[in-house]
Amino acid sequence: MKRRYILFALLLFVFMGKVMADDYITTFEITNEQLDIEPNPSLENHYKLKINNLPTSGGSDDRYYAYFVKSATDPFDSTLLTANEEGCVYPAMDTLKMSGLMAIDSEKKEVEIPQSWYIYSKYEYAYIGYTYMDSTTSKRMCKISTTPIHVDKATKAPLPSASSMYSTSFALINNELHVFPEYPYSSTYGEFDIKVLTKVGQIKDVELLNKLAADYNANINALIEYAKNDTENVIFNDSQPISSLTDKNVAEDAKKLVLGSYYYIYNTATSTDVDLRNTEGILVAVAETNTDGGNYLAAFTDWSKFNEGGKHDSVDPQPQEANPKTGMFISVLSLAILTGGIILISLKNKQHIFKI
């Protein structure tokens with residue numbers, strides 16, 4: 001008999017909870033709400049996710065949030081909203097985890113998403129919700145859109161080109177590797193493990209070099225595939241967390257550089273936890289000698305000088321006096337300009353530290 005009463009009480013509690021949730025947590029139809037992406041004028045290749053035409057409640061204390069899902073058919077996670085005798089419980093916000101609710105600043109109309117959202121290949125759909133105090137009942141209400149809004153990141157937030165996806169130097173200063181992603185990212189990550197892989201190797205395919213000299217942009221994908229598949233000419237291949245990119249000592253690797261030879265510097269973000277957009281970046285560099293006698297890689301961009309004497313018929317090192325003297329990391333002047341640029345970037349975004 002006692003068990004029967006306990007069971008009845010539990011069922012009543014569950015039933016009351018459901019009635020309470022149904023009373024205070026409801027849905028609304030999206031009419032002209034719209035998510036949009038705008039460039040962030042203070043940071044190159046960075047964006048702001050904004051929402052236009054926020055819904056209004058007619059009550060007070062309106063607060064807004066977004067819930068991102070991977071596809072248009074994924075449902076809203078109803079466990080994120082609860083209710084008690086005072087109405088809907090104000091939901092907890094999490095600006096780091098894509099599985100949680102993201103706050104929407106009602107004044108700026110901006111969604112407080114993690115910067116890494118821009119390099120995820122999914123999470124392009126978001127339910128819009130809001131909570132408010134009902135002036136008639138003095139109870140808090142929560143509403144969530146019946147369908148999610150789509151944000152086309154590929155169109156609205158394009159990533160940099162492969163040749164400018166990363167700022168990278170190899171053994172230029174203190175025999176260190178420096179990698180700086182030029183796309184939106186943050187040193188603070190919530191739930192997904194993301195790493196940046198860096199691979200450096202000598203380009204031994206003379207036909208590929210000649211194609212790059214003839215039309216670099218048309219053959220850059222072939223260079224990327226060459227770098228990804230290369231196993232014989234690699235002098236450096238390692239990854240590190242994107243949340244803590246540090247300067248790696250490559251003194252021993254730099255000793256393997258052949259002066260006057262051409263190299264690729266390949267970078268990409270990888271993750272086993274979340275699907276990423278294509279973040280592959282690649283540079284062509286030539287091995288040169290520092291004023292202190294150490295070897296380093298200087299970015300090579302002036303392809304018009306590559307075959308001034310006709311097409312190359314080998315990948316043998318080129319005479320040092322014939323090497324290009326333009327591009328990053330070549331002269332004291334260019335080094336000063338680059339250093340100034342990095343300092344400016346660091347001042348604009350103190351989460352990113354990039355030393356050269």
Side-chain angles (χ1 to χ4, degrees), residues 163-182 195-206 208-209 212-213 223 226-227 230-241 244-268 281-303 305-306 312 314-346 352-356:
S163 58
S164 56
M165 191 77 74
Y166 300 83
S167 292
T168 308
S169 68
F170 188 85
L172 173 64
I173 301 296
N174 298 326
N175 279 313
E176 291 178 336
L177 166 72
H178 314 279
V179 180
F180 183 86
E182 295 293 349
K195 295 182 178 180
V196 172
L197 168 71
T198 301
K199 186 177 181 182
V200 181
Q202 189 175 3
I203 303 175
K204 288 281 193 165
D205 188 335
V206 66
L208 175 59
L209 285 171
L212 291 169
L223 176 62
Y226 177 86
D230 182 27
T231 58
E232 298 180 357
N233 310 299
V234 181
I235 65 170
F236 181 86
N237 190 7
D238 199 8
S239 62
Q240 54 183 321
S244 57
L245 290 172
T246 56
D247 300 332
K248 283 184 169 290
N249 188 299
V250 292
E252 293 303 313
D253 308 280
K255 292 178 181 179
K256 304 173 187 175
L257 294 173
V258 179
L259 295 180
S261 291
Y262 295 93
Y263 292 80
Y264 60 79
I265 304 177
Y266 170 82
N267 295 291
T268 188
I282 199 159
L283 297 171
V284 175
V286 64
E288 294 198 357
T289 304
N290 274 329
T291 54
D292 60 3
N295 297 340
Y296 76 105
L297 288 179
F300 183 85
T301 57
D302 194 352
W303 289 99
K305 293 184 178 181
F306 179 81
H312 287 224
S314 76
V315 292
D316 292 337
Q318 302 303 302
Q320 283 297 289
E321 61 271 17
N323 280 346
K325 298 300 179 183
T326 58
M328 289 191 300
F329 320 140
I330 305 300
S331 65
V332 174
L333 176 61
S334 63
L335 177 58
I337 292 172
L338 181 61
T339 303
I342 297 305
I343 291 173
L344 182 61
I345 291 173
S346 299
H352 300 166
I353 300 175
F354 180 51
K355 302 175 183 176
I356 68 166

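Reckoned from all heavy atoms, side chains included, excluding hydrogens, waters and symmetry mates.
Counting only heavy atoms from C-beta outward, the side chains of Y166 and T198 never approach each other to under 4.5 Å. Two residues are said to be in side-chain contact when any heavy atoms from C-beta on lie closer than 4.5 Å; I173 and Y296 fail this criterion. Using a 4.5 Å cut-off on side-chain heavy atoms (C-beta onward), V250 and I235 make no contact. Between T246 and Q240 the shortest side-chain heavy-atom distance falls below 4.5 Å. When side chains are defined from C-beta on, V200 does not count as touching D253, because their heavy atoms never get closer than 4.5 Å. Looking only at side-chain heavy atoms (C-beta outward), Y226 and N233 come within less than 4.5 Å of each other. For the pair V286 and L297, the minimum side-chain heavy-atom distance is 4.5 Å or more.
Note that NZ of K204 is 8.0 Å distant from OH of Y263, once rounded to the nearest 0.5 Å. Distance check: I282 CD1 to S163 OG gives 10.5 Å after rounding to the nearest 0.5 Å. If you take OH on Y262 and CG on L212, they are separated by 11.0 Å, rounding to the nearest 0.5 Å. Distance check: D247 CG to S169 OG gives 8.0 Å after rounding to the nearest 0.5 Å.
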*Give the intermediate values and the outcome of side-chain contact (heavy atoms from CB on, under 4.5 Å) for residues D230 and Y266.*
CA-CA 11 Å; D230 182 27; Y266 170 82; over 6 Å; no
side-chain contact (heavy atoms from CB on, under 4.5 Å) for N237 and L197? Distances and angles first, verdict last. CA-CA 7 Å; N237 190 7; L197 168 71; 3.2 Å; yes
### Query
After noting the C-alpha distance and the side-chain angles of L177 and T168, does the key distance pass the side-chain contact (heavy atoms from CB on, under 4.5 Å) rule?
CA-CA 7 Å; L177 166 72; T168 308; 4.0 Å; yes
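In plain terms, the two heavy atoms of L245 and V179 that are nearest each other are CD1-O, 3.7 Å. Smallest separation of non-hydrogen atoms from S261 and Q202: OG-NE2, 3.2 Å. A285 approaches I265 most closely through the heavy-atom pair CB-CD1, 4.2 Å. Contact record, E288 with A298: CD-CB, 4.2 Å, taken as the closest heavy-atom pair. Closest non-hydrogen pair, W303 versus L209, comes out as CZ3-O, 3.9 Å. Shown here for Y264 and I203, the closest heavy-atom pair between the two residues is N-CG1, 3.8 Å.
Between F236 and F170, the angle of the ring planes goes over 60°, which puts this pair in the perpendicular group of the 30/60° scheme.
Looking only at atom types and distance, the side chain of E182 has no donor-acceptor partner in the side chain of S164 under 3.5 Å away.
A distance-only check finds no donor-acceptor pair linking the side chain of N174 to the backbone of E176 [under 3.5 Å].
For the salt bridge (charged side-chain N to carboxylate O under 4.0 Å, His left out) criterion with D238, the lone passing option out of K248, K199, K195 is K248.
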